[in-house]
Amino acid sequence: MGAIESGCDVAWPTDPGLGIGVTAGLEPAVARALAGRCADLGYGSLWSNDEPQAPGLETLSHFAGGAPNLDLGVGVLPLDRHPPAQIVATIERLGLDPARLLLGIGSGQLRPQLQPVADAIAELRQRLPDARIIVGTMRPALSRLGGMLADGVLLNWMLPAQAKEGRRWVAGGADEAGRPRPITALYVRTAVGPGAAARLEHEEGRYRGFDPAHFVAMDVPLGAVGIAADDRSAVVEPLAAYRPAVDLPIVRVLADRDLASLVAVAEAAAP
């Protein structure tokens, strides 16, 4: 299989395919069963976010048991809560294989942002040489930094047009550093079935409160940044619009936390 070059010796597949992500903290049995079903459906990677009471790497450890051949992504570990040494210790404790890890980091509440993220990339690269280091961002400066130093950049809360612009930010950093552009990924919030529009509006509304300027710049109504659909027939086309914009779209599931609800979204959005 061919590979896209990155900033270290770790390679990506030529086509990373489609990822799928969930909120951290699933019951272990649910996580393992969901992972197995997603592998059967043809997803290329499984992702979890990270929350103070629901560690993302723990969720990845459960995914690993259900889908031993898929890549495992965490997006993202905020560095104010997860310094690099702690990240490495947790990976070792959980027995996660670094070669399968798409290790997303973000600045969290750290200010300034750029130097701590750059330092963390360097430390993680040294201590976990087989892992792919991903920078999570919604802004130009961190996107350019990811382009300069990381193996990938995870964008967030963008429509296809904004995602293409984000990829240009990443490419600009890579050009400045004289290296190939790393992978760009994007969470695409996806809700399916009864109440889908309300779930997307609720999730998007929370984030609009955190970063109103980002959403004001897109100038779209609440519930427009993502996919809310009745069934698979209404998911495929809007999801396909993201494929020219980024290398790795990630279906970010908005659903109840029971297996049937999660699998329903996975099946509706499957490659």
Side-chain angles (χ1 to χ4, degrees), residues 1 4 12-49 56 59-60 62-75 100-102 104 134 152 154-160 163 183-200 203-204 223-271:
M1 179 180 292
I4 294 173
W12 291 83
T14 302
D15 180 6
L18 184 66
I20 187 165
V22 300
T23 300
L26 292 180
E27 290 294 326
V30 172
R32 286 192 292 270
L34 176 64
R37 181 60 181 140
C38 289
D40 291 341
L41 289 168
Y43 287 95
S45 55
L46 297 162
W47 292 73
S48 173
N49 72 337
T59 299
L60 295 194
H62 304 314
F63 282 160
N69 296 319
L70 293 189
D71 284 338
L72 305 172
V74 61
R100 295 177 61 192
L101 284 181
L102 311 175
I134 316 289
L154 175 60
L155 304 170
N156 198 10
W157 287 111
M158 292 181 178
L159 293 166
I183 287 284
T184 53
L186 173 70
Y187 275 145
V188 182
R189 265 67 177 191
T190 305
V192 178
R199 287 194 293 277
L200 179 57
E203 184 77 356
E204 185 183 319
V225 190
I227 299 169
D230 292 333
D231 52 31
R232 177 172 172 81
S233 66
V235 173
V236 173
E237 184 175 345
L239 185 58
Y242 287 90
R243 293 185 179 274
V246 292
D247 304 296
L248 173 56
I250 302 166
V251 176
R252 182 67 161 79
V253 176
L254 302 181
D256 292 336
R257 297 170 69 77
D258 62 280
L259 181 60
S261 298
L262 296 165
V263 166
V265 180
E267 291 177 342

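Below, all heavy atoms of this structure are taken into account, side chains as well, without hydrogens, waters or symmetry copies.
Summarising the geometry of Leu60 relative to Gly73, their closest heavy-atom pair is CD2-O, 3.3 Å, with the distance given to 0.1 Å. For the residue pair Ala241 and Pro244, the shortest heavy atom distance occurs at O-CD, 3.3 Å. For the pair Ala67 and Gly36, the tightest heavy-atom approach, listed with the atom from each and the gap, is CB-N, 4.5 Å. Nearest approach of Ala24 to Gly56, heavy atoms of both residues: CB-CA, 4.0 Å. For Pro249 against Gly17, the heavy-atom pair with the smallest separation is CD-O, 3.9 Å. Looking at every heavy atom in both residues, Pro160 comes nearest to Ala245 through O-CB, 3.6 Å.
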* To do: List the steps and the verdict of side chain to side chain contact (heavy atoms under 4.5 Å, CB included) for Val265 and Leu254.
  => CA-CA 8 Å; Val265 180; Leu254 302 181; over 6 Å; no

* **Worked check of side chain to side chain contact (heavy atoms under 4.5 Å, CB included) between Trp157 and Arg189** => CA-CA 8 Å; Trp157 287 111; Arg189 265 67 177 191; 3.5 Å; yes

* **side chain to side chain contact (heavy atoms under 4.5 Å, CB included) assessment of Ile227 paired with Leu200** => CA-CA 8 Å; Ile227 299 169; Leu200 179 57; 5.8 Å; no

* Given the rule in the side chain to side chain contact (heavy atoms under 4.5 Å, CB included) test, do Val30 and Leu262 qualify, once you have shown the distances and angles that lead to the verdict? -> CA-CA 9 Å; Val30 172; Leu262 296 165; 3.9 Å; yes

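Here OG of Ser45 is found 5.0 Å from CG of Leu248. Values are rounded to the nearest 0.5 Å. Note: Phe63 CZ to Trp47 CH2 = 12.0 Å, rounded to the nearest 0.5 Å. Remark: Thr184 OG1 to Asp247 CG distance equals 4.0 Å, nearest 0.5 Å. Here the CD1-OH distance, from Ile20 to Tyr43, works out to 4.0 Å after rounding to the nearest 0.5 Å. If you take CG on Asn156 and CG on Leu186, they are separated by 7.0 Å, rounding to the nearest 0.5 Å. The distance from the CZ atom of Arg100 to the CG atom of Leu72 is 4.0 Å, given to the nearest 0.5 Å.
Residue pairs satisfying the salt bridge (Lys or Arg N to Asp or Glu O under 4.0 Å) criterion with at least one member in residues 226-242, sequence neighbours excluded, are absent. Among residues at least two apart or in separate chains, salt bridge (Lys or Arg N to Asp or Glu O under 4.0 Å) pairs with a member in residues 25-41 are Arg37-Glu267. Contacts classified as side-chain hydrogen bond (donor to acceptor under 3.5 Å, both in side chains) and involving residues 248-260 (residues at least two apart or in different chains) are given here: Thr23-Arg252, Asp258-Ser261.
In this structure the side chain of Leu259 never reaches within 4.5 angstrom of the side chain of Leu26, judged on heavy atoms. When side chains are defined from C-beta on, Ile183 counts as touching Pro16, because their heavy atoms get closer than 4.5 Å. With contacts defined as side-chain heavy-atom distances shorter than 4.5 Å, the pair Tyr242/Leu18 does not qualify.
At least one donor-acceptor pair under 3.5 Å links the side chain of Glu204 to the backbone N or O of Ala224. Panel note: side chain Asn49, backbone Gly75; no donor-acceptor pair is recorded below 3.5 Å.
With Cys38 as the partner, the side-chain contact (heavy atoms from CB on, under 4.5 Å) test is satisfied by one option alone out of Leu46, Val251, Val263: Leu46.
Partners of Thr59 under the side-chain hydrogen bond (donor to acceptor under 3.5 Å, both in side chains) rule, at least two apart in sequence or in another chain, do not exist in this structure. Qualifying side-chain hydrogen bond (donor to acceptor under 3.5 Å, both in side chains) partners for Arg199, counting only residues two or more places apart in sequence or in other chains: none. In terms of the side-chain hydrogen bond (donor to acceptor under 3.5 Å, both in side chains) criterion, Thr190 has no residue partners (sequence neighbours excluded).
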